[in-house]
Amino acid sequence: MDVNGNFPAWKKKKRKFKIGKDGQKIKLKPSFPISVFPKPAQPNGVIRQSGGQESNISASLTIKKKKKFKKNKNKQNGIAVEMKDEFMTSSVQLTNGVLTKKAKVELKTIPSLLRVVEKPATPVRSISNLFASQSDSKVNYSEKTVKPVKPSLLGTPVPSVSKTTISKSSVARTIAFTPSKDNVKSTTPSTPKFVPNSEKFTRPQLPIDVVEQQLMYELASQETLIVIGETGSGKSTQVPQLCVRAGIAEKGAIAVTEPRRVAAVSLATRVAIEMGTDIGGVVGYHVRFENATTHKTKIEYMTDGIVLRKALVSPLLDKYSTVIIDEAHERSLHSDVLMCILKKCQEQRRESKNPLRLIIMSATLQADKFQAYFDNAKVVLVAGRTFPIEVFHVNPKINKSFSSTDYVYNTVICVKHVHLNEPKGHDILVFLTGSEEIEAVAHQLAELNGSLPASADFILPVPLYAALRPEKQKEAFRKTPQGARKVIISTNIAETSVTIPGIRVVIDSGKVKSKRFEATNRIDVLKVHNVSKAQAKQRAGRAGRDAPGKCYRLYSREDFHKFETENMPEILRCNLSATFLELMKLGMKNPHRLQLLDPPEPENIDAALLELTSLGAIKPITSDRNKFILTDMGNSFCMYPLPPDHARVLFQAQKEGCIMEAIKIIAAMQTDALFSGGSDSKSDLDVERIRRRFETREGDHITLLKLVLLTNNFFDQLNSKTEADARYNKSNKSLEREYNEAIRKFCNDNMINEQHLKTASMIEDQLKEIAVEQNVPFSTCGADFTKIRKSIAVGMFLNSCEYDRQEDRYRLMINPAITLKIHPSSCLSRSKPAYIVFSELMKTNDLYALQVTLIDADWVRPLITEHKKIRKNHLAESAQRIQQIAQVEPKAKKPKLNTTL
DNA sequence: TGGGGATTT
């Protein structure tokens, strides 16, 4: 490929910020954050950090910073800080053949040499007047100008926070503090301020401190509060602490929900340090498989899925006085559903002694939408703290050869341009859509090295995507070798989930691959789309984490303006059956009446209802067929953290007498492909050969079972060997090393992804535990896999297909108009049996069935007949409903979750 | 005979 085209013609984005009064550019460097994060031991092996709070300080860095401090000692009034290594380990251990995750948290207190400059004590308002009107407040908020602060912990200047005025009007329902990048003022040096919230730890100033007083006031007086703050504002760590200091936590713990596990864990760890306690003390976290909270815990960081699960058990969530939904702008399925539930919860608890306080924290300015949703709740804005980023767009007027569709080619040209023009040592992060593209670009960039001028550095392409083997993923985090420039080519995993240090340039293709659920046909469509504006902004932001950065966009500014403003919320593009099942457990009867931030399409709602009805999980109420209730079976589905059809498989397996096997398979199905491990040294042929070893004629689910049984066997042997070795007085350390080495070798030999295997194993345990609680009798089918195949067929009968010899395709039995192929990754793709059932239907270039099992048509025929009957009624009813709605128009009454809530 | 973005209970 010729990569010498004159493609790069960039429109430079007007620099919006950091121009001082005198027209002088102000270079902004944040004081380095003091933080301690867990050792990078994350579920999929990637070093993951939370959305906006990442920072990582290693011992070496500390030393470096100390030197800096010495240099600036006098300027900084002799303030010094010394940090010690903090660490926390979380490891997976094997006991009695069962993999368990053990978290060992060791937090040392930081001996701070910092001379704390005392700050006037924050007025802590009594909570007795929780919902007192503003006029009751004695605090004078009139025209108080908070001086911009420029504290500098170790000589590095802190980005100036824009001039803030908290005026009386801000107490009214208006946005109080508008951080404007144009408004950035050159600041006058002032005494550093530190918040004396702990004797043991002193953190540097954060932008949120500027609005601390206002926040405290609003926290005490508002039932619902919306906090808008960009990356680096400190809202995720400070708002919960402010709640505690405001005395809110006395009525119940503060729950903070995060969309990702790592964010929950790392935020909790950091806040624990700031508050000078251990994890599990005043601060804790609760994510799946790991509950580090105690009765003492006042701030609980949790994943949103956990809170949802908790709501199923105790719908009023009365353990908590406050729920904070963090990263609400991400619009994850769980957080959207939570907001809906919590609103109802709030209504129910309003008159009680323990009302529920809600805090919605979001990054992008979608304040209006949240505000409208939460009955005109107050909004507090907090400035962010990132480095300035120069944004360039392609200018198609100058460069006639540019074609926006050929973004892979453009990427390579752009990397070359950047490589030859940007200073050495500035690493590049490229955003593309999928592994194929990424590998292709990586290959071309490696080749490009041959044609570079002698003076140029070496280009080191590093692919990064979720399906990549963990040890390969780690390469993105290695230090760039001397004489090279690291070019990380990534999917949107690097957008929020992962933060790579040292990135100074971002190249954004403007494309993303995303899955959308086509409800009418129950098909997942995986397609490349343009990113949203918010996403483009997020991507650009990845260049400004450590220093000022640049972002090159492979699309014109005109194209950019055509992009959607925000990402499509997950709730609008996924199968709603699992969500509705949960909501019905909470007492929701008519999902069409559900008040969500973005209501899903009626067709999508109906499809989920039809699915749940056909599975026997819900049934319409005789008096009003628009309303549904859970059946006994549906009720028991709710106990399992599984999609309803998978739960149905377990239910059937119980009848068939193969619950043990079913649990193993279903658990393995919850993780991504187990077959993705192994090392680089294996050729494609080897890979094929190893995979063939597990292949069965019965299909992929049985293959999965055989694999799990083999690993169980392996672990049993390994454990008895380890026990025997222990008797010979081997040291614990060498035993552990051998043990881990053996696991690694086993996974490598069998091309198994170690992390996924561990996850599957933990899910297996979880499912077993639930089955025991549910008094499910233990049963096994031994080598008779027919029973298990039947369970799978019955549970997922909606996915059964019949082979059409003429077409050489399969026809979906519930809708024969749909024809599909077995994906070639399936072990049945060649044998093409007459009847199959699949786990998933995915549309890419063709319609493919993934994870396929051979079935007997008689197993599913009665269910399909029944389904068709239900569907017929269902369709008639939804047509009727649409008519009704048209007549009743407009909204007759406020929908309610009228329930046990 | 083809290829798959990311979360989470």
Side-chain angles (χ1 to χ4, degrees), chain A residues 43-44 46 48 50-51 257-264 286-291 302-313 327 330-338 431-440 464-468 490-498 509 511-516 524-529 531 535 538 567 570-571 573-574 578-579 581-582 585 637-643 646-647 667 670-673 675-676 684 688 759 762-763 766-767 770 808 821-832 840 842-851:
Chain A
N44 63 0
V46 182
R48 293 187 170 211
S50 57
T257 79
E258 296 292 330
R260 280 169 292 278
R261 292 169 60 92
V262 208
H286 189 175
V287 295
R288 194 179 193 179
F289 309 126
E290 250 183 286
N291 185 356
M302 292 180 275
T303 42
D304 39 24
I306 285 274
V307 186
L308 215 49
R309 235 36 238 176
K310 286 198 174 185
L312 291 189
V313 182
E327 314 278 8
E330 284 192 25
R331 305 296 309 277
S332 82
L333 173 67
H334 289 155
S335 81
D336 270 19
V337 173
L338 257 182
F431 284 104
L432 285 171
T433 73
S435 57
E436 203 183 2
E437 283 170 14
I438 288 171
E439 294 295 347
L464 180 66
Y465 46 90
L468 200 66
S490 170
T491 58
N492 46 355
I493 190 172
E495 219 173 83
T496 48
S497 313
V498 151
S509 64
K511 302 285 176 188
V512 66
K513 207 175 263 180
S514 68
K515 205 154 88 173
R516 238 166 249 189
D524 279 321
V525 184
L526 194 66
K527 226 171 114 186
V528 174
H529 296 275
V531 295
Q535 215 171 351
Q538 171 76 18
N567 296 356
E570 196 181 356
I571 200 156
R573 38 181 197 90
C574 71
T579 301
L581 191 70
E582 282 164 359
K585 173 77 180 167
F637 287 0
C638 289
M639 303 302 165
Y640 296 91
L642 294 172
H646 292 185
Q670 308 311 307
T671 64
D672 294 327
F675 290 106
S676 55
D684 285 358
E688 197 75 352
T759 310
M762 286 194 284
I763 296 173
Q766 195 183 19
L767 296 180
I770 296 166
D808 189 26
K821 276 179 166 175
I822 298 181
H823 193 273
S825 63
S826 164
C827 60
L828 294 183
S829 66
R830 266 169 292 193
S831 59
K832 293 177 188 166
E840 209 182 332
M842 179 90 86
K843 190 171 164 189
T844 48
N845 289 327
D846 200 339
L847 195 53
Y848 289 109
L850 302 167
Q851 276 189 330

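Order of the sequence lines fixes the chain letters, A, B, ..., with proteins taken first and strands second; residue numbering starts at 1 for each chain. Side chains included, hydrogens not; waters and symmetry mates left out as well; all remaining heavy atoms used. No experiment lies behind these values; they were computed from the predicted model shown.
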Between [N] and [X], is there an OP1 or OP2 to side-chain N/O distance shorter than 4.0 Å?
{"X": "S825(A)", "N": "dG4(B)", "answer": "no"}
{"X": "S497(A)", "N": "dA6(B)", "answer": "no"}
{"X": "K513(A)", "N": "dG4(B)", "answer": "yes"}
{"X": "K821(A)", "N": "dT1(B)", "answer": "no"}
{"X": "R309(A)", "N": "dT8(B)", "answer": "no"}

Residues I438(A) and L432(A): closest non-hydrogen pair is CG1-CB, 4.1 Å
Shortest non-hydrogen contact from A263(A) to E258(A)? CB-OE1, 3.7 Å
Look at all strands and tell whether [X] reaches a base, only sugar-phosphate, or nothing, counting heavy atoms closer than 4.0 Å.
{"X": "S332(A)", "value": "nothing"}
{"X": "S829(A)", "value": "nothing"}
{"X": "L850(A)", "value": "base"}
{"X": "I306(A)", "value": "sugar-phosphate"}
{"X": "Y848(A)", "value": "sugar-phosphate"}
{"X": "N845(A)", "value": "sugar-phosphate"}

Mind checking what makes side chain to side chain donor-acceptor pair (under 3.5 Å) contact with R331(A), not counting sequence neighbours? D336(A), D598(A)
Side chain of [X]: nearest nucleotide among [options]?
{"X": "I493(A)", "options": "dG4(B), dA6(B), dT8(B)", "result": "dA6(B)"}
{"X": "R288(A)", "options": "dA6(B), dT9(B), dG3(B)", "result": "dT9(B)"}
{"X": "R830(A)", "options": "dT9(B), dT1(B), dA6(B)", "result": "dT1(B)"}
{"X": "P824(A)", "options": "dG5(B), dG2(B), dA6(B)", "result": "dG2(B)"}

Provide, to the nearest angstrom, the distance between the [atom1] atom belonging to [X] and the [atom2] atom belonging to [N].
{"X": "E570(A)", "N": "dT9(B)", "atom1": "CD", "atom2": "C1'", "value": "13 Å"}
{"X": "L767(A)", "N": "dT8(B)", "atom1": "CG", "atom2": "P", "value": "18 Å"}
{"X": "R331(A)", "N": "dT8(B)", "atom1": "CZ", "atom2": "C1'", "value": "17 Å"}
{"X": "N291(A)", "N": "dT9(B)", "atom1": "CG", "atom2": "P", "value": "12 Å"}
{"X": "M639(A)", "N": "dT9(B)", "atom1": "CE", "atom2": "P", "value": "19 Å"}
{"X": "I763(A)", "N": "dT9(B)", "atom1": "CD1", "atom2": "C1'", "value": "9 Å"}
{"X": "L847(A)", "N": "dG4(B)", "atom1": "CG", "atom2": "P", "value": "13 Å"}
{"X": "E327(A)", "N": "dT8(B)", "atom1": "CD", "atom2": "C1'", "value": "15 Å"}

Using heavy-atom distances to pick each residue's nearest nucleotide on DNA chain B, tell me which of V287(A) and R573(A) is more 5'. R573(A)
Can you work out whether D808(A) or N492(A) has the more 5'-proximal nearest nucleotide on DNA chain B? D808(A)
What verdict does the side-chain contact (heavy atoms from CB on, under 4.5 Å) test give for M842(A) and H823(A), after you've listed the backbone C-alpha separation in whole Å, the side-chain angles of each residue and the deciding distance to 0.1 Å? CA-CA 9 Å; M842(A) 179 90 86; H823(A) 193 273; over 6 Å; no
Non-neighbouring partners of S826(A) that pass side-chain contact (heavy atoms from CB on, under 4.5 Å), sequence neighbours left out: D700(A), I822(A), L828(A), V852(A)
Nearest-0.5 Å distance, NZ of residue K511(A) to NE2 of residue H529(A): 10.0 Å
